[in-house]
Amino acid sequence: MKMLTAIIKPFRLDDVRDALANVGIKGITVTEVKGFGRQKGHTELYRGAEYVVDFLPKVKLEIAIASDQVDTVIDAIVNSAGTGKIGDGKIFIHELESVIRIRTGETGHDAL
């Protein structure tokens with residue numbers, strides 16, 4: 001099993017969610033986060049004063065999947081989240097040792 005963590009632009013969330021549903025993903029965890037990479041920050045003007053916004057709003061998706069779904073899920077995220085511009089995000093893939101469904105006690109793939 002794998003845990004995919006994807007950081008994407010917030011306005012792409014609905015498209016990514018639809019793309020994941022189309023490839024059979026039944027659940028994701030979404031967290032609003034802030035960060036920067038190569039995109040860095042930008043300057044804004046507020047009440048006549050210029051200031052630097054160092055951290056940009058992003059959305060973090062966490063998806064637990066079977067190992068054989070990794071390529072399909074990555075393709076779905078890349079194709080639906082990509083705009084071709086800097087700051088589109090990243091996908092991190094981690095080994096997932098175990099999963100337990102609290103309600104039923106199911107473990108492993110059955111708990112996904």
Side-chain angles (χ1 to χ4, degrees):
M1 294 179 293
K2 304 284 184 181
M3 174 66 82
L4 267 69
T5 302
I7 308 295
I8 63 170
K9 292 181 175 183
F11 70 91
R12 302 303 295 175
L13 177 59
D14 289 336
D15 294 333
V16 172
R17 185 187 61 208
D18 292 342
L20 290 171
N22 288 339
V23 296
I25 298 303
K26 297 179 177 122
I28 63 174
T29 300
V30 178
T31 310
E32 292 181 6
V33 296
K34 291 184 179 195
F36 73 92
R38 289 186 188 155
Q39 188 178 13
K40 300 202 168 81
H42 63 276
T43 58
E44 288 189 5
L45 194 62
Y46 180 71
R47 295 190 180 197
E50 190 173 282
Y51 66 99
V52 177
V53 178
D54 291 329
F55 295 99
L56 301 171
K58 300 289 182 180
V59 174
K60 179 168 83 169
L61 309 175
E62 295 173 294
I63 310 158
I65 57 172
S67 296
D68 61 351
Q69 293 179 298
V70 171
D71 292 333
T72 305
V73 171
I74 289 172
D75 288 343
I77 294 171
V78 168
N79 292 330
S80 58
T83 64
K85 297 182 180 162
I86 194 166
D88 277 349
K90 290 198 172 37
I91 300 172
F92 304 96
I93 304 156
H94 317 274
E95 284 293 327
L96 187 57
E97 186 176 322
S98 183
V99 178
I100 302 163
R101 186 184 311 264
I102 294 172
R103 179 177 53 86
T104 62
E106 293 170 296
T107 60
H109 291 283
D110 294 335
L112 293 177

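Keep in mind it's a predicted model, so treat the numbers as computed, not measured.
Nearest heavy atom pair, residue Pro10 against residue Val59, reads CA-CG2, 3.5 Å. Considering all non-hydrogen atoms of both residues, Gly27 and Ile63 come closest at O-CG2, 4.1 Å.
Atom NZ of Lys58 and atom CG of Leu13 lie 13.0 Å apart (nearest 0.5 Å). Between Ile8 atom CD1 and Lys60 atom NZ the span is 13.0 Å, to the nearest 0.5 Å.
Proximity of Arg17 to Leu20: side-chain heavy atoms (C-beta onward) are nowhere separated by under 4.5 Å. Side-chain contact between Met3 and Glu62: present, with at least one pair of heavy atoms (C-beta onward) separated by less than 4.5 Å.
When Ile65, Leu96, Asp68 are each tested for a side-chain contact (heavy atoms from CB on, under 4.5 Å) with Lys2, only one passes: Ile65.
Looking at residues two or more places apart in sequence or on another chain, you find no salt bridge (Lys or Arg N to Asp or Glu O under 4.0 Å) involving Lys90. Residues satisfying the side chain to side chain contact (heavy atoms under 4.5 Å, CB included) test with Lys85, not counting sequence neighbours, are Lys9, Thr83.
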List the atom pairs, with distances to 0.1 Å, where a side-chain N or O of residues 70-78 and a protein N or O form a donor-acceptor pair under 3.5 Å, not counting sequence neighbours.
none

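At a threshold of 4.5 Å between side-chain heavy atoms, the hydrophobic network of Ile, Leu, Val, Met, Phe, Trp and Tyr places Met1 and Ile25 in two separate groups. Grouping the Ile, Leu, Val, Met, Phe, Trp and Tyr side chains by contacts below 4.5 angstrom, directly or via other members, places Leu56 apart from Val33.
The list of salt bridge (charged side-chain N to carboxylate O under 4.0 Å, His left out) pairs with a residue in residues 96-111, not counting sequence neighbours, reads Arg101-Glu106.
In the hydrophobic clustering, where aliphatic and aromatic side chains (Ile, Leu, Val, Met, Phe, Trp, Tyr) are joined below 4.5 Å either directly or transitively, Ile7 groups with Phe92. Within the hydrophobic cluster formed by Ile, Leu, Val, Met, Phe, Trp and Tyr side chains joined at under 4.5 Å, directly or through other members, Phe11 stands alone, with no partner residue.
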